[in-house]
Amino acid sequence: MAESTPKKQHTVEYIAIAALVLIAVIMGIARFKKGDTDDEVFSRKEFNKQWAEVEILEAGVPKKEKEVTYAGNPDKIPFKSPFDEVEEDGASEEQVTLPAMTFQGMVWKSSRPQAIINNKVYDVNDIVNVDTGVTGGEIKVKDVTKDGIHLIYKKKEFIVRPK
């Protein structure tokens, strides 16, 4: 007798759960039937109204974009900061190549980017003295980024990467 009472109780619980699931399914089907286009989050009528406004606004947008031309000096970069400019003179027309140096490494993703050149560590804005036999053998470390080491030599900018 003791065994039949828990079985009856479990059976009643299973029937009650099945009834609740059945009611939930019926309510879901009734709520989202094909003819019902509105719910509390999304209204098809409201969407169509807003879409009509978007189509009206799109009609005023030109199909072809106007071509933009730059009529400035082609030798000058139009979006370059004036603070980054290096003064140029007549010597800039000659071919400038970097003197022979050994680039061992660089650290760019830190508060103090550094470059290792000729077994010495240089910070940004440091001067690398290279004995070229000619005056002006100074090379300025402009920046160190993941692209490479940005150097300025004889008023020309170079980007080198360690190998």
Side-chain angles (χ1 to χ4, degrees), residues 17 20-21 24-25 27-29 31-34 36-163:
I17 290 172
L20 288 173
V21 169
V25 168
M27 287 177 62
I29 291 171
R31 178 70 181 109
F32 295 107
K33 63 183 180 186
K34 240 181 181 179
D36 190 13
T37 58
D38 292 338
D39 63 22
E40 52 279 336
V41 177
F42 180 76
S43 167
R44 179 55 95 183
K45 293 174 196 169
E46 184 67 26
F47 174 80
N48 288 337
K49 188 170 108 179
Q50 294 292 328
W51 188 254
E53 291 178 16
V54 168
E55 288 176 339
I56 291 170
L57 293 173
E58 282 183 342
V61 175
K63 300 298 180 201
K64 186 177 179 184
E65 295 180 6
K66 294 180 182 177
E67 186 174 324
V68 177
T69 57
Y70 178 68
N73 184 358
D75 296 332
K76 186 171 180 174
I77 300 170
F79 301 109
K80 187 174 182 181
S81 170
F83 300 111
D84 290 342
E85 289 186 13
V86 177
E87 291 183 22
E88 295 183 19
D89 56 12
S92 65
E93 295 174 3
E94 67 184 50
Q95 286 288 347
V96 178
T97 58
L98 280 174
M101 294 184 289
T102 306
F103 300 98
Q104 285 95 6
M106 60 186 191
V107 178
W108 72 88
K109 200 170 187 178
S110 74
S111 61
R112 188 176 164 198
Q114 297 175 323
I116 305 170
I117 303 170
N118 294 340
N119 295 322
K120 293 183 182 176
V121 178
Y122 294 96
D123 291 323
V124 173
N125 294 325
D126 281 354
I127 301 295
V128 179
N129 288 318
V130 179
D131 186 21
T132 60
V134 182
T135 59
E138 294 181 342
I139 301 168
K140 180 180 180 183
V141 178
K142 180 181 176 186
D143 197 7
V144 180
T145 64
K146 77 175 189 176
D147 297 332
I149 304 167
H150 299 253
L151 302 171
I152 296 178
Y153 177 64
K154 292 188 178 180
K155 300 178 182 174
K156 292 274 188 179
E157 186 171 342
F158 298 89
I159 299 176
V160 292
R161 292 175 186 85
K163 293 183 180 180

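In this chain, residues are counted from 1 in sequence order. Basis for what follows: all heavy atoms, side chains included, without hydrogens, waters or symmetry-related copies.
- Under the salt bridge (Lys or Arg N to Asp or Glu O under 4.0 Å) criterion, D126 pairs with no residue, sequence neighbours left out.
- With contacts defined as side-chain heavy-atom distances shorter than 4.5 Å, the pair M106/Q114 does not qualify.
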- [ ] Take T145 and H150 through the side-chain contact (heavy atoms from CB on, under 4.5 Å) test and state the conclusion after the steps.
- [x] CA-CA 8 Å; T145 64; H150 299 253; 3.1 Å; yes
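- Under the side chain to side chain donor-acceptor pair (under 3.5 Å) criterion, the residue pairs touching residues 100-111 are Q104-N119, with sequence neighbours excluded.
- The line from CD of E58 to CH2 of W51 is 6.0 Å long, rounded to the nearest 0.5 Å.
- Among all heavy-atom pairs drawn from V128 and M101, the shortest one is CG1-SD, 4.2 Å.
- Under the side chain to side chain contact (heavy atoms under 4.5 Å, CB included) criterion, N48 pairs with R44, not counting sequence neighbours.
- When all heavy atoms of V96 and Y153 are compared, the closest pair comes out as CG1-CD2, 3.6 Å.
- Rounding to the nearest 0.5 Å gives a distance of 4.5 Å between OH of Y122 and NZ of K120.
- Taking both residues in full, the closest heavy atoms of G148 and I159 are given as CA-CG2, 4.1 Å, listed atom of the first, atom of the second, then distance.
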- [ ] Go through the steps for F103 and I116 under the test side-chain contact (heavy atoms from CB on, under 4.5 Å), then give the verdict.
- [x] CA-CA 6 Å; F103 300 98; I116 305 170; over 6 Å; no
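- R112 places no side-chain N or O within 3.5 Å of a backbone atom of D123 that could act as its donor or acceptor partner.
- Residue I149 comes nearest to A115 through the heavy atom pair CD1-CB, 3.6 Å, listed as atom of the first residue, atom of the second, then distance.
- Under the 4.5 Å side-chain criterion, counting only non-hydrogen atoms from C-beta, N125 is not in contact with V141.
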Open item on the list: If you apply the rule side-chain contact (heavy atoms from CB on, under 4.5 Å), what do you find for L151 with L98, and how did you get there?
Closed with: CA-CA 9 Å; L151 302 171; L98 280 174; 4.1 Å; yes
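- Two residues are said to be in side-chain contact when any heavy atoms from C-beta on lie closer than 4.5 Å; I152 and I139 fail this criterion.
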